Novice: 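Please see the structure below; I have some questions.
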Protein chains: 2
Amino acid sequence: MFNAIAEGRRRDILVFLADAERPVGDIVAALELAQPSVSKHLKVLRDVGLVDVRRHGRQMFYRTNVHAIRPLHEWAGTFERFWSHQLARVKERAERSTARRR
Amino acid sequence: MFNAIAEGRRRDILVFLADAERPVGDIVAALELAQPSVSKHLKVLRDVGLVDVRRHGRQMFYRTNVHAIRPLHEWAGTFERFWSHQLARVKERAERSTARRR
DNA sequence: GAATTATATTCCCATGTAGGAATGTGTCAA
DNA sequence: TTGACACATTCCTACATGGGAATATAATTC
């Protein structure tokens, strides 16, 4: 999953499909990518569950499965509680360094 | 940055270095990886600013730069506002389907 | 059923990268 | 200064992956 998101275009696709399902052709047009390229990216995203598909006639409607992004959000969030600590540390060091200069 | 995080071992290293700076040897011992492998991963993390380094004698003390993870957290967070909507959609569909069955 | 549309898959090539082994570099200790 | 230690870098190989071009598949229309 982390791998799938590492690709910039795939992230673009996920954003594009976040609020509404859309056919492949729309993605091709909106992101200005080649159609086979889009299909391949969609396959990667499908395989890790980051998008859902629905067939309607000859069109395939894709939509971002926003729930699948939650693990990523949570993993990154585990570092959040360190932010304040580290900020305090940096600030303190800066103040000490300023004090020495006086 | 997204690329650097795509690697499982690198994520392990980031977690390990989140709360305290540690020399390379500690990482090697804790994660049971080969030393050159760890050094290479650390280089990748350094190049994208995900870790900071400090030399002390012959040891190199690494520490996760938790601020650098913020963009990832925020990117994933942009999907959060869709979670409730999509949940409602799924729930509604399930209820309709249940209703049909009655 | 043949042609057309929408999408998927395959083939080929170029590139990026992880691992392992070996070697290089910088620092300390005696 | 030499040896030992901590780490970084290089070389090689195997493998994954993205792009482009061509082709395949499925659904629709005439």
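As the structure is a computational prediction, the values presented were derived from the model and not from experiment. The chains referred to below are lettered A, B, ... by the order of the sequence lines, with proteins before strands, and numbering in each begins at 1.
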Novice: Over how many whole Å does the gap from Phe2(A) atom CZ to dT17(D) atom P extend?
Specialist: 16 Å

Novice: Within the pair Tyr62(A) and dA8(C), is there a side-chain N or O less than 4.0 Å away from OP1 or OP2?
Specialist: yes

Novice: Within this structure, what is the CZ-to-P distance between Phe61(A) and dA27(D), rounded to whole angstrom?
Specialist: 15 Å

Novice: What is the distance, to the nearest angstrom, from the CE atom on Met60(A) to the P atom on dA27(D)?
Specialist: 10 Å

Novice: Measure from the side-chain heavy atoms of Lys43(A) and tell me the nearest of dT9(C), dA8(C), dT9(D).
Specialist: dT9(C)

Novice: Measure the distance from CZ on Arg11(A) to C1' on dG18(D) and round it to the nearest whole Å.
Specialist: 15 Å

Novice: With Glu21(A), which of Arg54(A), Arg63(A), His56(A) fulfils side chain to side chain donor-acceptor pair (under 3.5 Å)?
Specialist: Arg54(A)

Novice: Give me the ring orientation class for Phe79(A) and Phe82(A): parallel if the planes are under 30° apart, tilted from 30 to 60°, perpendicular past 60°.
Specialist: tilted

Novice: For a quick test of your reading: what N or O donor-acceptor pairs under 3.5 Å do the side chains of residues 25-41 of chain B make, sequence neighbours left out?
Specialist:
unit_1	atom_1	unit_2	atom_2	d
Gln35(B)	NE2	Ser39(B)	OG	3.2
His41(B)	ND1	Arg10(B)	NH1	3.2

Novice: Tell me the interatomic distance from Gln59(B), atom CD, to dC28(C), atom P, rounded to whole angstroms.
Specialist: 10 Å

Novice: For Leu42(A) and dA8(C), give me the distance from atom CG to atom P, rounded to whole Å.
Specialist: 6 Å

Novice: Specify the separation, in whole Å, of atom CD1 of Ile13(A) and atom P of dT7(C).
Specialist: 13 Å

Novice: Can you give one letter per nucleotide of nucleotides 19-27 of chain C, going 5' to 3': B for a protein heavy atom under 4.0 Å from the base, S for sugar-phosphate only, - for none?
Specialist: BB-B---SB

Novice: To the closest 0.5 Å, what do you measure between CG (Leu50(B)) and CD1 (Ile5(B))?
Specialist: 5.0 Å

Novice: Just how far is it from atom CG of Leu42(B) to atom CG of Leu17(B), taken to the nearest 0.5 Å?
Specialist: 7.0 Å

Novice: More than 12 foreign heavy atoms under 6.0 Å from CZ of Arg9(A): is that the case here?
Specialist: no

Novice: Out of dA18(C), dA8(D), dT9(C), which nucleotide sits closest to the side chain of Arg10(B)?
Specialist: dA18(C)

Novice: Whole angstrom is fine here: how far is it from CG in Leu45(A) over to P in dA8(C)?
Specialist: 12 Å

Novice: Could you tell me the separation between the NE2 atom of His73(B) and the CD atom of Glu80(B), rounded to the nearest 0.5 Å?
Specialist: 7.5 Å

